[in-house]
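Letters A, B, ... are given to chains in the order of the sequence lines, protein chains preceding strands, and every chain is numbered from 1.
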2 protein chains.
Amino acid sequence: MKQRSSIIGSVEALPHRVASHLSREIEGGDIIPGARLPTESQLADKFGVSRNVVREAIAQLRADGMIEARQGVGAFVMAPEQRTAIRIDREALKDQRNMEQLFELRSILETESATLAAARCTSDDLDAIKAALDRMGGEERWEDGSIEADLLFHRAIARATGNGYIYTFISFVCEQIRQSIHYARLTNPLHDLVEVNVAEHVRIYDALAAHDPQAAGEGMRRHIDGAASRVGVELTAKINRGK
Amino acid sequence: MKQRSSIIGSVEALPHRVASHLSREIEGGDIIPGARLPTESQLADKFGVSRNVVREAIAQLRADGMIEARQGVGAFVMAPEQRTAIRIDREALKDQRNMEQLFELRSILETESATLAAARCTSDDLDAIKAALDRMGGEERWEDGSIEADLLFHRAIARATGNGYIYTFISFVCEQIRQSIHYARLTNPLHDLVEVNVAEHVRIYDALAAHDPQAAGEGMRRHIDGAASRVGVELTAKINRGK
DNA sequence: ATCATACGGTCATCCTACAACTTCGGCAAG
DNA sequence: CTTGCCGAAGTTGTAGGATGACCGTATGAT
């Protein structure tokens, strides 16, 4: 009798579902910043779960700085500006417009990443980048290992900047894009474009090896544009990008 | 008898302390990615807390993708690349080197933010930016409202890019910097530099109003450099930044 | 040798109880 | 009427135990 009926069949754990529900309510503006949430008991009743599950859900939101709990008073919604963590809703990326924006952000980060890396990279860094490049070219199939090698290539460049935050941010953004694209790829094979992709990477690597910041940045910018269009995302507003 | 002795005097809640401890152990490499954590009961004993507290701590780490729990098996630490959230350790920012790197990231994001905003901003956007600018100039004291207005200015620009992710990332990075600097400011007053700061903002605003992307980007880049040096952070490696 | 089953370990959830804290109202002293 | 104390009620924080669901492995039958 303990395990209550799941109401809605779902593989997700209860705390995560409660957290997502509350998160959407907050993001959607149903609860304005500064307002108090219902008590844990009320939420437990509302969702049909135990208070314990509600507490775990709130613990997650609290860690993100989305809500703040004060003992003896209640839990309050925080202003969206003072979040202590960035989290990207993967559901939202099904919207083409959001995907475009994420690619634009990636373009900014990676272009500058390549520029910095060209000026700073050591021979060890170059070796790591080259290794990823070789592994990518070695795979004739697009599917499995190729994508991993692709990510490895970009991360190796980010690491070569010597800036840990740049590495973290780029890894994060790329991973979000990868997972969003993963299953969407099944619709269009686009294997024939692998050579184009590899060629773009080679171009970037050459610029890095030559320690030519401008060429590296330019090569990366074009590569991201190309990668975006290859998955059906057009980076509009190319204005003010040139130079 | 229930409330156990806190062992270490701390105002932080128990789950947060446990989560921080585990997080440090993972970041520090004490636990290799893929390895299994001790069971919840063992952790509860180890930290001298109830299993409930351990679960809340793990819930936080799980939300970040730092660990993955499989029912009936155990909890495993994930590779740092596939985190689902970005979180910046504020303690680490006490290290000058990390602060420099964060400023460098901010410089990248904000420079491009200003560039894009110059090309895309509407009159409404400009009004919002101008309002923040006026509010900043209105305050003769540096302390309280001035900093808020400063952040508002930068966020307004980020919003004018029309890219929600850029807004989110910039808000996040700026907030981290602000809170890290907050108390460190007490040592050096530096009130006399307020005019310089405002002047830099005016220069950026003028470029935005003129819809001059290059001037806006350049103005922002210089402003971040100036802001960094004003709090004692020197952005070295200005290489490859010009042009 | 292969497959089905039983078993122990672990996470997931629930429940109750209590401690710590805040808020608010009543009540008495000034 | 104002002020200050104090206790009741409500809320979050923590403890601890019980049970269900799930996984991996060992055991035993075929």
Side-chain angles (χ1 to χ4, degrees), chain A residues 1-23 25-26 31 34-78, chain B residues 1-22 26 31 34-78:
Chain A
M1 192 277 292
K2 281 298 172 61
Q3 207 81 330
R4 297 191 184 184
S5 62
S6 337
I7 303 172
I8 311 169
S10 169
V11 289
E12 280 293 352
L14 259 39
H16 181 265
R17 279 172 47 202
V18 172
S20 296
H21 193 283
L22 287 175
S23 177
E25 270 189 341
I26 293 174
I31 313 178
R36 217 198 73 180
L37 268 66
T39 69
E40 293 177 351
S41 301
Q42 289 172 341
L43 289 174
D45 291 343
K46 176 180 174 183
F47 291 110
V49 298
S50 79
R51 189 177 149 226
N52 219 318
V53 170
V54 173
R55 280 192 62 79
E56 276 193 36
I58 289 182
Q60 296 174 211
L61 302 179
R62 212 153 58 121
D64 293 355
M66 194 176 298
I67 71 175
E68 179 190 14
R70 293 210 300 265
Q71 183 171 336
V73 185
F76 300 85
V77 180
M78 303 291 284
Chain B
M1 193 276 292
K2 282 298 173 61
Q3 206 82 328
R4 297 190 183 183
S5 63
S6 333
I7 302 173
I8 311 167
S10 170
V11 289
E12 279 294 353
L14 259 38
H16 181 266
R17 279 171 48 201
V18 173
S20 297
H21 193 282
L22 288 176
I26 292 175
I31 312 179
R36 218 197 73 180
L37 267 66
T39 69
E40 295 177 351
S41 300
Q42 289 171 342
L43 288 175
D45 290 344
K46 174 181 176 183
F47 291 110
V49 299
S50 78
R51 189 172 150 243
N52 224 322
V53 170
V54 173
R55 280 193 61 80
E56 277 191 35
I58 289 183
Q60 297 176 28
L61 301 179
R62 213 154 57 122
D64 292 356
M66 194 175 298
I67 73 176
E68 179 190 13
R70 293 211 300 266
Q71 181 170 334
V73 185
F76 301 85
V77 317
M78 304 290 284

Original post:
Hey, does the side chain of A:R62 come within less than 4.0 Å of D:dG13's phosphate (OP1/OP2), counting only N and O?
Top reply: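 Indeed, a polar side-chain atom of A:R62 lies that close.
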Original post:
Would you say B:S50 reaches D:dT14's phosphate, i.e. side-chain N/O to OP1/OP2 under 4.0 Å?
Top reply: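 So the side chain of B:S50 is outside the cut-off, no N or O lying under 4.0 Å from OP1 or OP2 of D:dT14.
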Whole Å only: how far is the [atom1] atom of [X] from the [atom2] atom of [N]?
{"X": "B:L14", "N": "D:dG16", "atom1": "CG", "atom2": "P", "value": "12 Å"}
{"X": "A:Q42", "N": "D:dT12", "atom1": "CD", "atom2": "C1'", "value": "13 Å"}
{"X": "A:E68", "N": "D:dG13", "atom1": "CD", "atom2": "P", "value": "10 Å"}
{"X": "B:H16", "N": "D:dT14", "atom1": "NE2", "atom2": "P", "value": "12 Å"}
{"X": "A:E40", "N": "C:dA20", "atom1": "CD", "atom2": "P", "value": "18 Å"}
{"X": "B:F76", "N": "C:dC11", "atom1": "CZ", "atom2": "P", "value": "9 Å"}

Subject >> Shortest non-hydrogen separation from A:A57 to A:P15 and the atoms involved >> reply: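 Heavy atoms only, the tightest pair is CB-O, 3.4 Å.
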Original post:
Which pair of heavy atoms, one from B:I67 and one from B:R62, lies closest together, and at what distance?
Top reply: O-CG, 3.4 Å
Original post:
What parts of residues 51-61 of chain B reach DNA chain C, counting only heavy atoms under 4.0 Å away?
Top reply: B:R51, B:R55
Checking [X] now: which residues fulfil side chain to side chain donor-acceptor pair (under 3.5 Å) with it, not counting sequence neighbours?
{"X": "B:R36", "value": "none"}
{"X": "A:Q60", "value": "none"}
{"X": "A:D64", "value": "A:R87, B:R87"}

Original post:
Does A:R70 make a cation-pi contact with A:F76, if we ask for NZ or CZ under 6.0 Å from the ring centre and within 45° of the axis?
Top reply: yes
Just the atom pairs and distances: protein N or O near nucleotides 4-9 of chain C's N or O, under 3.5 Å.
unit_1, atom_1, unit_2, atom_2, d
C:dG9, N2, B:G72, O, 3.0

Subject >> Terminal axes of the helix from C:dA1-D:dT30 to C:dG30-D:dC1 (five pairs each): angle between them, nearest 10 degrees >> reply: 10°
